[in-house]
Amino acid sequence: MPDLGIDVLFKGTNMLRLLQGLWVAMKISIVSILISMPLGILVGALMTVKNKVVKAIFRVYLEFIRIMPQLVLLFIVYFGSTRALGWNLSGEVASVIVFVLWGTAEMGDLVRGALISIPKHQYESSEALGLSKIQTYLYIIIPQTVRRLIPLSINLITRMIKTTSLVLMIGVVEMLKVAQQIIEANRMSSPNAAFGVFLVVFVLYFFACWPFSVLARVLEKKWN
Amino acid sequence: MNWEFIEKYLPMYEKAALLTVKIGIVGILFAILVGLICAAVQYYKVPVLRWIVAVYVELSRNTPLLVQLFFIYYGFPKIGIRMSAELCGVVGLAFLGGSYMAESFRSGLESVEPIQSESAISLGMNSRQVLGYVILPQAMSTSIPAFVANIIFLLKETSVFSAISLMDLMFTAKDLIGLYYKTTESLFLLVVFYLLILLPVSIIGSLVERRMRYAGFGD
Amino acid sequence: MAETLLKIENLTKEYEGQKILDGIHLEVKKGDVLVVVGPSGCGKSTLLRCINALEPIQGGTIKLQGMDIRKGSKNITTLRQKIGMVFQSYELFPHLTVIDNITLAPVKVQKRDKAEVRKEAMELLARVGLADKAKSYPRQLSGGQKQRVAIVRALCMHPEILLFDEVTAALDPEMVREVLDVMLDLAKQGKTMLIVTHEMQFAKAVADKVIFIDQGKIVEEAAPEEFFEHPKTERAKQFLNVFTFEQVEHHVE
């Protein structure tokens, strides 16, 4: 068995540090998703209104955010806004801002899609039963929308966790950065550490995302 | 905005964009190939292979490209597999994209109702004819929206290539920001070039999608 | 005496341990029009699917002109070309125009001359009143039109026998007639047909013989007048009763 350098992780607090790095990434995605959810629902609902100006504004916002690589958005906020607005953003805050902007756009699109996918006769039949507008939304439309939305939003969480790996590029110390530090520090004693450590990072990321993917799939099957 | 600066460094961006596009296209082509093979394995439920494909799809879809690239670029040489940064980019993109392509092809194939095949069979077609004349044309147009979305997604993902020191658009932008503090100009060029790459794909994609829908779908 | 086209002997079809078809004997002669009726789930559609080898069978034989029909056998694609099938849900190919739907199999499977097939297809389309729809896509047609195209598609293969599987069941009432008229016309031309249907009036008009299947068995086999006027078995009587209504007395409270 060749030395794959996994043993490095059992030295001192290395494994713990790696997990702390993962926690930084998870924290950024959890905070971002918690803010994006309500904002996204608001944006999605606004996008179904008839007002053309409102629609156009959100459309441009949505298209721009979705077509730009998240890394470009991170650069714009981290380097660009610091320069343009003269403030000093930490990498973490810049990350949360970008993830919220992106998450809101994605969530907004999901909400819009879910809302317009409810057939018109669902509204009509509810009205025919004598339900008021509020009751229609409360008992008929929202429950159906939520069922469509939940699996999709869980998928969005997976995508966010995966995307947090990018924050390394604007200097946030997360799992990949910690991994690099560990490999660098043990270059002499364990020259093959890059394989073992990055393998563990790969596996840890997998186990951070995979349960969400499975959950989303199960819920989708159950509700569709 | 300093236009002189922009003019001066435009060629650098052009070169970087070319690299992004080059690796992007090659990587996506391999991703399509991997996707086709995996979709076929899953559609025909090939024993053993289908489990391998299932594991691959899960691994690929639930890990970030950046981590995959680090593993391939820094980890693999330690077990004797050495690749250039470009090749790593292509391999990484194919590994990531293959599973996404596979899913879009597979859902396209599965969207064709079995009774459509039966009606082709009852006209005396053999299985190759059923696949070629009836299943594939329908499956293809069903999977086009997801296919286009995947291409855009993969092109966007190429932005992490700078992490394995490929001199792509991100690398160039970061470099210029670091060297000259011309943040606004550098970022402006970055956005413009990504739009130049991604917008046409997005527009062509939606045109093709509309055409395909017109050609006889969605009763 | 006309030649025997299709001969089914002791056919048994099981699915998950349940007998769907149980000891079916049936003979279809050239020019015969047989109508198969029976309650839903009695196995009549499965019978057609077996004849076209879309389903594996567990016992007995199905022979077309003496040749064994069996799913997975080597010459099955050749045999299937002699059997035209029309499905309840039309199953036109949505990505092809009407004319391409019709000519695909004759050209690609039977390797016939494209121009000649096209000409024949146009004639058949004209005969069912759809000459102007040749270049349309299936989604642009009504259900009745789609089903007439599906019939033409089957006819264009020059089959020995045509199988119709509840072809009007998915249609709006006002479109049923146009499809049934096409089938009546085919019967007049002397085509051999095996029809599964719920349209009892039509069955009476078109059939040489009615076959009543219940719980996977042929319960009655008779000329239409006899079957509809004087059913012999209790089960057939019960079945036919479903299609008649009795006058309801109105009570005023």
Side-chain angles (χ1 to χ4, degrees), chain A residues 2-5 25 63-64 66-84 155 158-159 161-170 175-176 179-180 183 190-214 217, chain B residues 20 55 57-81 96 149 152-163 168-171 173-174 176-178 181-188 190-195 197-199 201-203:
Chain A
D3 167 32
L4 296 178
E63 292 295 328
F64 180 78
R66 295 185 72 196
I67 206 163
M68 273 298 125
Q70 281 86 40
L71 192 52
V72 174
L73 298 177
L74 281 171
F75 268 40
I76 293 174
V77 171
Y78 185 65
F79 296 115
S81 78
T82 322
R83 169 95 178 166
N155 266 330
T158 325
R159 285 166 65 196
I161 297 174
K162 281 192 291 179
T163 314
T164 49
S165 62
L166 299 182
V167 301
L168 154 87
M169 314 275 276
I170 57 167
M175 183 159 52
L176 267 177
Q180 283 180 325
I183 293 163
S190 186
N192 287 342
F195 185 88
V197 174
F198 281 131
L199 177 66
V200 171
V201 170
F202 183 92
V203 171
L204 285 176
Y205 254 111
F206 175 76
F207 282 110
C209 296
W210 190 56
F212 289 106
S213 298
V214 173
R217 204 157 38 206
Chain B
T20 298
V55 170
V57 168
E58 292 299 319
L59 281 178
S60 151
R61 285 180 77 97
N62 287 296
T63 48
L65 177 60
L66 189 56
V67 174
Q68 297 168 4
L69 282 178
F70 271 31
F71 190 43
I72 298 170
Y73 189 66
Y74 298 109
F76 274 24
K78 307 294 178 196
I79 54 165
I81 303 169
L96 175 76
I152 294 174
F153 162 71
L154 291 174
L155 282 173
K156 280 167 65 177
E157 287 285 308
T158 60
S159 63
V160 304
F161 284 167
S162 59
D168 70 340
L169 285 170
M170 295 307 304
F171 189 95
K174 197 170 182 178
L176 291 180
I177 293 172
Y181 294 104
K182 290 273 188 273
T183 312
T184 320
E185 289 80 3
S186 308
L187 290 177
F188 172 74
L190 180 67
V191 168
V192 167
F193 271 91
Y194 265 113
L195 283 181
I197 296 173
L198 292 165
L199 265 187
V201 181
S202 163
I203 291 168

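A quick note: this is a predicted structure, and the numbers were derived from the prediction, not measured. Throughout, a chain's letter reflects where its sequence line sits, starting with A, and its residues are numbered from 1. Below, each value reflects all heavy atoms present in this structure, side chains not excepted, and no hydrogens, waters or symmetry copies.
- Contacts between A:Glu63 and chain B at a heavy-atom distance below 4.5 Å are absent for every atom of the residue.
- Between B:Phe71 and A:Phe195, the ring planes lie tilted relative to each other; the angle falls in the 30° to 60° range.
- Neither the backbone nor the side chain of A:Arg159 comes within contact range of chain B, judged by heavy atoms closer than 4.5 Å.
- Atom-to-atom distance recorded for A:Phe79:CZ and B:Thr183:OG1 is 8.0 Å, nearest 0.5 angstrom.
- Of the possible polar contacts, none joining the A:Lys162 side chain to the B:Leu65 backbone as a donor-acceptor pair under 3.5 Å is found.
- B:Lys78 contributes atom NZ, which lies 8.5 Å from atom CD1 of A:Ile183 (distance to the nearest 0.5 angstrom).
- Remark: side-chain polar atoms of B:Lys156 are not paired, donor with acceptor, to backbone N or O of A:Gln70 under 3.5 angstrom.
- Taking all atoms of both residues into account, the shortest heavy-atom contact from A:Leu168 to B:Leu66 is CD2-CD2, 3.8 Å.
- Minimum interatomic distance between B:Ala163 and A:Met169 (heavy atoms only, all atoms of both residues): CB-SD, 3.7 Å.
- For the atom pair B:Asn62 CG and A:Phe206 CZ, the distance stands at 5.5 Å (nearest 0.5 Å).
- Between chain B and the residues A:Cys209, A:Ser213, A:Ala193, A:Gly80, the most heavy-atom pairs under 4.5 angstrom are made by A:Cys209.
- For A:Phe64, the part lying near chain B is the side chain, with the backbone staying farther off; criterion is any non-hydrogen pair under 4.5 Å.
- Between chain A and the residues B:Ile177, B:Val191, B:Val160, the most heavy-atom pairs under 4.5 angstrom are made by B:Val191.
- Heavy-atom distances place both the backbone and the side chain of A:Ser165 under 4.5 Å from chain B.
- Of the atoms belonging to A:Leu204, not a single heavy atom falls under 4.5 Å from chain B.
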